[in-house]
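Read through the structure below, which is laid out as structure tokens, and then see the notes.
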Amino acid sequence: MNFDNFFKARVDALHAEGRYRIFADLERRCGWFPRAFDHRIGSEVTVWCSNDYLGMGQHPKVLAAMQAELRGSGAGAGGTRNISGTSHAHVLLERELAALHDREAALVFTSGFVANEAALSTLAGSMPGMVVLSDAMNHASMIAGIRNSRAERVIFRHNDTQHLAELLAGIPEDRPKLVCFESVYSMDGDIAPIGELCDVADRFGAMTYLDEVHAVGLYGTHGGGIAERDGVSQRLTVIQGTLAKAFGVMGGYVAGSALMVDFLRGHAPGFIFTSAMPPLLAAGALAAVRHLRESGAERATHQERVAVTKRRLAEARLPVMPNDSHIVPVTVGDAAMCRAASDLLLREHAIYVQPINYPTVPRGTERLRITPTPLHSDADIDALVAALDAVWRDLQLRRAA
Ligand SMILES: *Cc1c(COP(=O)(O)O)cnc(C)c1O
């Protein structure tokens with residue numbers, strides 16, 4: 001077999017479908033956010049699609065903590081968590097994350113993806129007869145964990161508690177069950193009815209696993225996510241989060257009972273057989289979590305900026321997909337057009353919004369996913385709305401009714 005021909009055919013297919021991925025070439029500069037230098041066009045752009053939702057990636061407390069830890073303990077962790085890789089920074093971070101979710105314990109992984117893959121494959125894979133009930137819109141990292149567990153998987157319709165109840169009712173009572181879902185879904189920005197999903201899971205004696213990646217730091221009085229906001233943090237078997245989005249650094253984690261965390265610590269290959277996150281990242285994440293537990297100012301400004309952006313886009317009859325979260329999806333509905341719109345925004349308006357195409361979202365729902373931050377000014381919003389309005393006119397894209 002000629003492997004190069006295989007690779008070429010598959011890459012050509014991506015081009016033909018208009019979903020060949022073109023990466024940005026950004027240089028984030030401290031103090032500039034949400035602006036960055038874009039090496040594709042050799043000038044400054046305003047970034048409107050970052051998951052550094054609150055700008056914590058450049059927060060002075062985070063930078064100071066990382067610089068101090070770098071000077072103090074050096075570059076890497078020096079081992080796996082079990083063999084010489086656990087630093088005091090990891091211990092403090094796990095304590096802080098447990099407190100963030102008001103749970104007994106937490107366990108840090110090298111990324112949110114790894115946390116989902118490792119925790120789900122281990123939880124679902126270690127109990128004979130396990131059935132996993134997975135929301136239809138769950139993230140690829142959860143799907144990877146469920147697949148790798150080799151447990152039976154049943155998909156329930158997105159956020160549909162009734163469908164979940166029907167499916168659970170059809171599974172023998174003596175089989176262990178695990179219900180997996182997210183709080184804020186990253187592409188549509190809709191929010192799960194966590195309490196109601198827990199009601200159904202409880203009725204059938206199922207464990208619950210909640211991915212709060214797009215909510216931690218952003219919702220709840222202390223940034224504990226939608227579960228904190230809704231007062232249901234205690235009801236979940238596992239709360240999973242990332243340190244790389246609103247907390248601005250890198251890493252992932254799970255929180256829950258001390259027993260559950262102890263079980264994963266001793267059994268999850270994705271935790272055991274990999275080097276620990278560098279202590280400087282743990283120190284930076286710790287500073288970010290600590291700050292956002294105390295301060296609600298970033299969350300309040302974030303929500304206000306989101307509301308203004310949504311209102312202004314709607315006034316310009318741009319097709320904003322409605323939701324109750326901080327994610328602002330603007331529908332294009334075609335992969336090639338979505339890429340063209342993104343190109344025009346970059347080259348004519350110095351605005352960077354990455355096109356979101358299949359398989360990240362279903363075909364026909366291709367979109368620009370806009371993420372306002374507390375650091376986007378009124379002038380930035382004016383410029384965004386004017387630029388999108390021009391692009392929609394130039395490409396004759398569909399407007400809102
Ligand atoms: C980004 C993301 C992850 C993975 O988190 P990382 O820390 O970026 O690896 C997990 N779940 C969801 C829903 C995500 O969007």
Side-chain angles (χ1 to χ4, degrees), residues 1-26 36 38-42 45 47-51 111-114 116-117 120-121 132 134-150 153-155 157-158 180 182 185-190 211 213-214 242 244-245 270 318-319 321 327-349 351-371 387-388 391-392 394-398:
M1 180 169 176
N2 184 320
F3 298 112
D4 279 344
N5 284 349
F6 171 83
F7 299 142
K8 183 164 187 313
R10 297 299 286 263
V11 171
D12 286 348
L14 292 176
H15 277 294
E17 281 191 71
R19 56 187 193 88
Y20 178 76
R21 289 174 184 230
I22 299 163
F23 290 163
D25 185 356
L26 295 177
D38 193 313
H39 285 271
R40 291 174 293 180
I41 57 171
V45 294
V47 178
W48 274 101
C49 59
S50 178
N51 281 339
S111 76
F113 189 107
V114 171
N116 273 337
E117 194 287 325
L120 281 169
S121 64
V132 180
S134 177
D135 186 284
M137 300 291 277
N138 275 345
H139 189 256
S141 55
M142 298 173 82
I143 294 168
I146 296 164
R147 285 235 170 92
N148 293 345
S149 78
R150 301 195 199 157
R153 179 177 66 146
V154 182
I155 314 269
R157 285 193 292 270
H158 179 54
C180 310
E182 302 179 23
Y185 283 83
S186 68
M187 291 300 147
D188 288 0
D190 56 332
D211 175 320
V213 161
H214 291 278
T242 184
K245 290 173 185 173
L318 289 156
M321 197 182 286
I327 291 161
V328 185
V330 180
T331 307
V332 177
D334 174 87
M337 278 299 171
C338 199
R339 164 133 302 284
S342 172
D343 281 344
L344 274 180
L345 284 172
L346 180 70
R347 289 169 205 285
E348 313 252 316
H349 305 277
I351 284 174
Y352 170 44
V353 187
Q354 187 70 18
I356 308 281
N357 288 342
Y358 178 84
T360 308
V361 295
R363 286 194 177 88
T365 73
E366 292 84 357
R367 68 197 64 179
L368 299 174
R369 175 185 182 270
I370 293 166
T371 51
L388 283 170
V391 166
W392 249 248
D394 292 349
L395 297 177
Q396 302 191 319
L397 299 175
R398 203 171 48 227

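The CG atom of Asp343 sits 11.0 Å away from the CD1 atom of Ile41 when rounded to the nearest 0.5 Å. Rounded to the nearest 0.5 angstrom, Ser342 OG and Ile22 CD1 are separated by 8.5 Å. For the atom pair CD1 (Ile356) and OG1 (Thr331), the distance works out to 12.0 Å, reported to the nearest 0.5 Å. The structure places CG of Asp334 at 11.5 Å from OG1 of Thr365, a figure rounded to the nearest 0.5 Å. Remark: Tyr358 OH to Glu366 CD distance equals 11.0 Å, nearest 0.5 Å. In this structure, Gln354 CD and Arg339 CZ are separated by 6.0 Å, a value rounded to the nearest 0.5 Å.
Looking at Glu182, its side chain does come within 3.5 Å of a backbone N or O of His139 through a donor-acceptor pair. No side-chain donor-acceptor contact under 3.5 Å links Arg398 to the backbone of Pro319. The backbone N or O of Cys180 lies less than 3.5 Å from a partner atom in the side chain of Asn138, making a donor-acceptor pair. Of the possible donor and acceptor atoms, one in the side chain of Thr242 sits under 3.5 Å from a partner among the backbone N and O of Ala244. With Thr371 contributing its side chain and Ser50 its backbone, the two residues share a donor-acceptor pair below 3.5 Å.
Aromatic ring orientation, His15 versus Tyr20: parallel (interplanar angle below 30°, classes split at 30° and 60°).
A search for salt bridge (charged side-chain N to carboxylate O under 4.0 Å, His left out) contacts involving Arg363 returns Glu17, not counting sequence neighbours.
The shortest distance between side-chain heavy atoms of Ile327 and Met187 does not fall below 4.5 Å. At a threshold of 4.5 Å between non-hydrogen side-chain atoms, the residues Asn2 and Phe7 do not count as touching. Proximity of Met337 to Leu395: side-chain heavy atoms (C-beta onward) are separated by under 4.5 Å at one or more points.
Scanning all heavy atoms of the two residues, the minimum distance from Ile155 to Asp135 falls at CG2-C, 4.3 Å. Across every non-hydrogen atom of Ile146 and Ser134, the tightest pair is CD1-OG, 3.6 Å. When all heavy atoms of Asn116 and Ser141 are compared, the closest pair comes out as ND2-OG, 3.0 Å. Taking each heavy atom of Leu26 and Asp38 in turn, the nearest pair found is CD2-OD2, 3.6 Å. Across Arg40 and Asp25, no two heavy atoms sit closer than the pair NE-N, 4.0 Å. A pairwise comparison of heavy atoms in Arg369 and Cys49 identifies O-CB, 3.7 Å as the closest pair.
Other residues, nucleotides and ligands contribute only 12 or fewer heavy atoms inside 6.0 Å of the CZ atom of Arg147.
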**Request:** Check the pair Asp211, Tyr185 against side-chain contact (heavy atoms from CB on, under 4.5 Å), reporting the backbone distance first and the verdict last.
**Result:** CA-CA 9 Å; Asp211 175 320; Tyr185 283 83; over 6 Å; no
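A salt bridge links Asp188 to Arg367: one of the charged nitrogens lies within less than 4.0 Å of a carboxylate oxygen.
Exactly one of Leu368, Leu388, Val353 qualifies for a side chain to side chain contact (heavy atoms under 4.5 Å, CB included) with Trp48. That residue is Val353.
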